[in-house]
There are 2 protein chains.
Amino acid sequence: MTLAVNMISGKWKLFILYGLRDGEKRYSELRRICEGITEKMLTNQLRELEKDGLIKRKVYPQVPPKVEYSFTEIGERLSFMFDPLYNWGLDYIKEKRPEQYHLVKQYEKTSH
Amino acid sequence: MTLAVNMISGKWKLFILYGLRDGEKRYSELRRICEGITEKMLTNQLRELEKDGLIKRKVYPQVPPKVEYSFTEIGERLSFMFDPLYNWGLDYIKEKRPEQYHLVKQYEKTSH
DNA sequence: TATGGTACATACCAATTAGTTAGTTTTGTT
DNA sequence: AACAAAACTAACTAATTGGTATGTACCATA
């Protein structure tokens, strides 16, 4: 439990993983997905996730550079929690902050 | 997702919630379950979980005092993730740190 | 009289984490 | 000639989080 919690804790890691759930993503795509993250943080967190073996990094030798991130096998096995966790959050907002609920619903439309 | 992640992140929150998964627990029981936690941190984290509505607090007017913590309804709905997350951690250790695997298995026997 | 158990609170300090700002590289575009 | 794009790195600062140490109330027991 300690190990699992440590690997996914931090302000951005679950977002990054969540962003990867439907396949590989470029650095700049992740930057857009993780609204508000700084480049430093994105790089840091990607490095840690890579070091821990949850994601892998594929570099295309081009200019301008292109780097793609995706799950490793064991990283992908964390997918079980993304949708339930997202839905739990939705339920929570519905119950505890009903005034905000419609905002989230609107946001859902624009972002997918 | 932001909301859900914020509520369960922190060095101890998931342990506390994990500790409550089989029913209400006293303060001192949680202290034993969360090996290494200080009283300050335990109290802090319990207060935050309570403020967020994930757990509830029941005080028995006795001396010495007795306080029991348990899930609220929405808190309990996070249970879906505890066992899978624990097992994911186990798998991770099995794959990436096989030398440590037997230690965990031994620990499992003693603690339940 | 001293000690212990329970569930805290408070003050202060250390460590960890996150944010800001600026720069790098190479090529292509205006 | 200036600037933009992508994926970074480095130096520095701010904010958050966690730890240590000590104290409290009340009663019971040694």
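Letters go in sequence order (proteins before strands), and every chain restarts at 1. Keep in mind that the numbers below use all heavy atoms, side chains included, and drop hydrogens, waters and symmetry copies.
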Legend entry - side-chain N/O Arg31(A) vs dA7(D) OP1/OP2, d < 4.0 Å: no

Legend entry - Arg26(B) side-chain N/O to dT6(C) phosphate OP1/OP2 under 4.0 Å: no

Legend entry - Separation of dA7(D) C1' from Leu42(A) CG (nearest whole Å): 9 Å

Inset, instruction - Scan Ser28(A) against the nucleic acid and name what it touches under 4.0 Å (heavy atoms): base, sugar-phosphate only, or nothing. - result: sugar-phosphate

Inset, instruction - Please state how far atom OH in Tyr69(B) lies from atom C1' in dT6(C), giving the value in whole angstrom units. - result: 11 Å

Legend entry - Leu54(A) to Tyr92(B) - nearest heavy-atom pair and separation: CD2-CE1, 4.0 Å

Inset, instruction - Inspect the contact between Arg77(B) and Glu95(A) and indicate whether a charged nitrogen and a carboxylate oxygen are less than 4.0 angstrom apart. - result: yes

Legend entry - For the student: nearest non-hydrogen atoms of Tyr69(A) and Arg47(A), plus distance: OH-NH2, 3.9 Å

Inset, instruction - Grab the CD-P distance between Gln62(A) and dA6(D) for me, whole Å please. - result: 12 Å

Legend entry - Sugar-phosphate only, base, or nothing, as touched by Gln45(A) at under 4.0 Å among non-hydrogen atoms: sugar-phosphate

Legend entry - Cluster check Tyr101(B), Ile74(A): I/L/V/M/F/W/Y, side chain < 4.5 angstrom: yes

Legend entry - Interatomic distance, Leu46(B) CG vs dT6(C) C1' [rounded to whole Å]: 14 Å

Legend entry - dT9(D) OP1/OP2 closer than 4.0 Å to side-chain N/O of Tyr27(A): no

Inset, instruction - Measure from the side chain of Pro64(B), starting at C-beta and using heavy atoms only, and say which of dC26(D), dT27(C), dT6(C) lies closest. - result: dT6(C)

Inset, instruction - Could you check how far CD1 of Ile16(B) sits from P of dG18(D), rounded to whole Å? - result: 10 Å

Inset, instruction - Ignoring backbone atoms, establish whether Arg57(B) has a side-chain N or O less than 4.0 Å from OP1 or OP2 of dA7(C). - result: no

Inset, instruction - Send over the distance from Tyr60(B) OH to dC27(D) P, rounded to a whole Å. - result: 21 Å

Legend entry - Comparing Gly36(A) and Val67(B) on DNA chain C - which has the more 5′ nearest nucleotide: Val67(B)

Inset, instruction - Round to the nearest Å and state the distance from Asn44(A) atom CG to dA11(D) atom P. - result: 14 Å

Inset, instruction - Identify which nucleotide among dC27(D), dG19(D), dA7(C) has an atom closest to any side-chain atom of Val63(B), counting heavy atoms from C-beta outward. - result: dC27(D)

Legend entry - Lys66(B) NZ to dC27(D) P, straight-line distance once rounded to whole Å: 18 Å

Legend entry - Test item: Lys25(B) side-chain N/O and Gly19(B) main-chain N/O as donor-acceptor pair under 3.5 Å: yes

Inset, instruction - Name the closest nucleotide to the Arg47(A) side chain, picking from dC8(C), dT9(D), dA7(D). - result: dT9(D)

Legend entry - Short side-chain N/O contact from Lys40(B) to OP1 or OP2 of dA21(D), under 4.0 Å: no

Inset, instruction - May I ask you to say what Glu39(B) touches in the nucleic acid, namely base, sugar-phosphate or nothing, with a heavy-atom cut-off under 4.0 Å? - result: base

